[in-house]
Amino acid sequence: MEKDEKFKVASDDWIETYPLMERIISTKEVLWINPRYALFDDAIKKTSIGPQHVTEAEDRLARFAPYIAKVFPETKPTNGLIESLLVRIPKMQHELENMFGQQTSGELFLKCDNDLPISGSVKARGGIYAVLKHAEDLAIQRNMLRLGDDYSVMEGNTFRDFFSQYTISVGSTGNLGLSIGMIGAKLGFRVTVHMSADAKQWKKDLLRSKGVTVVEYAADYNKAVEEGRKQSSTNPNSYFIDDENSKELFLGYAVAAYRLKRQLDDMHIMVDESHPLFVYLPCGVGGAPGGVSFGLKLIFQDNVHCFFAEPTHSPAMMVGLMTGLHDKVSVRDFGIDNVTDADGLAVGRPSGFVAKILENLVSGAYTLSDSKLYVLLTTLALSENIYLEPSALAGLPGIIRLFNDAPAQTYLEKHKLIGKMKDAAHIAWATGGSMVPKEIMQDYYEKGLGLLLARRV
Ligand SMILES: *Cc1c(COP(=O)(O)O)cnc(C)c1O
């Protein structure tokens, strides 16, 4: 049989088992409800990570706060915590309703991780946490540090000289490399970032300016990770932060939920049986949206509903969860090309570690086209004066999809949520943007504007 023919047979089989696969394979937008979604008490019994791990991570970040505040003065206002605002975006909610011709109820918020200090993306949570954990482990092992110490001592040359014997490496589409590079270089580590072909030039330039070694690959993200992992394994002093399989990254992201809980309380936004919370998170390999969702489920349990958002050309987590094959399957196995402008989401194969933990906890996932990301980028800029990078827009149409797509309505009915929707809160997780150079952001904006105008005529 010819290769194409073989693929056709295989894909017919998939479509028979999973009817939604036909639209996924033809890169049309879909919304998928997770049939394995379970009540929290049942789902949590099966996970290898629990609340104690997230609390430990939170405590670790608190220990490092004095150091962070000292070396990254932009974190002074939050006393060394790397945190972002939660804001209401009523104008954008209105624009979305107009754009898609769909009414919504409840209030729409944006979680502004695009503004996170140090590296301007959600990766400032997981990536920085993973490096800090490693630094603490090394320093404690060598009796240079005790848990009760003031960690700002790490600013000095003693620690920088010590860490300079060690390498940290990572494979990245850009933003993870940026986070790990920024904090790694600051602590004194040698840092090597293995960048996939889709990583933006300005991210590579910025990292090199900090003394980070950037290795470029012509292949995609999963390949960059594989190469990085291989090279790191030959050096005993090298620590590889494995985005496809990292408990530390996951825990760093999960802490966001505990912080969000406090923000919601401060803003008097209720989340309980009669006030459901819906969260829409851009998803690449799954660590960031998975970690955040996991933390949110620990806190709000059955009252929070988490949806992952992926590009139509990179629905890695969706096919992984749908087939139950997790990281055993890549979008390329279905003839999907994994080509998208959403560089943080350009992932063909999801993290097996994350898929396993989230398989019963995530409510569903949806895909959207690249052109929509640009249209949303410009619309958000015009309505709320907030500028995100393309990937980070993926969560915004979640609220529309919830009210518009039939499977989502069935989900709401099943979970007796229809009558509660007027009291719902919806959070779109904005995952990046503030580091994008002005002229590049201007190009994005104009691209979106062009598309927007073409739609109107
Ligand atoms: C990395 C990234 C994501 C997704 O995070 P994963 O852990 O890869 O799922 C979303 N948005 C942006 C801007 C990112 O850089």
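Note that the numbering runs from 1 along the sequence shown for the chain. Atoms within a ligand are numbered from 1 in the order they appear, just like the ligands themselves.
Nearest protein neighbour of atom 7 (O) of ligand 1, counting heavy atoms only, is A288 N, 2.8 Å. The protein heavy atom nearest to atom 4 (C) of ligand 1 is G284 N, 3.5 Å. The protein atom (non-hydrogen) at minimum distance from atom 1 (C) of ligand 1 is K123 NZ, 1.3 Å. In terms of protein heavy atoms, atom 12 (C) of ligand 1 is closest to T431 OG1, 3.4 Å.
Residue P289 approaches ligand 1 through these ligand atoms, each under 4.0 Å from one of its heavy atoms: 5 (O), 6 (P), 7 (O), 9 (O). The distance from ligand 1 to the heavy atoms of P282 drops below 4.0 Å at these ligand atoms: 4 (C), 10 (C). Near G287, meaning under 4.0 Å from one of its heavy atoms, ligand 1 places the atoms 6 (P), 7 (O), 9 (O). Every atom of ligand 1 is numbered from 1 in the order shown, and the set under 4.0 Å from a heavy atom of N175 is 13 (C), 14 (C), 15 (O). The distance from ligand 1 to the heavy atoms of C283 drops below 4.0 Å at these ligand atoms: 9 (O).
Considering only non-hydrogen atoms, atom 6 (P) of ligand 1 lies nearest to G286 out of G286, G177, G127. When the options L345, D243, V347 are ranked by their closest heavy atom to atom 10 (C) of ligand 1, first place goes to L345.
With a 4.0 Å heavy-atom cut-off, ligand 1 is reached by no atom of T173. Looking at V285 against ligand 1, both its backbone and its side chain come within 4.0 Å, counting heavy atoms.
By the 4.0 Å N-to-carboxylate-O rule, D41 lies too far from K45 to be salt-bridged with it. A salt bridge does not link E136 with K133: none of the charged nitrogens is closer than 4.0 Å to a carboxylate oxygen.
Residues K210 and V191 form no side-chain contact, since every pair of their non-hydrogen atoms from C-beta on lies 4.5 Å or further apart. You'll find the side chain of I269 reaches within 4.5 Å of the side chain of R88, heavy atoms only. For the pair L264/L86, a side-chain contact is recorded, criterion being any heavy-atom separation below 4.5 Å from C-beta on.
When ring centroids are compared, H415 and Y37 come within the 6.0 Å threshold.
Residue R190 places its CZ atom among 12 or fewer non-hydrogen atoms of other residues, nucleotides or ligands, all under 6.0 Å distant. When the shell of 6.0 Å around CD of E29 is examined, it contains more than 12 heavy atoms from other residues, nucleotides or ligands.
Just one residue in the list D205, D343, D341 forms a salt bridge (charged side-chain N to carboxylate O under 4.0 Å, His left out) with K200, and that residue is D343.
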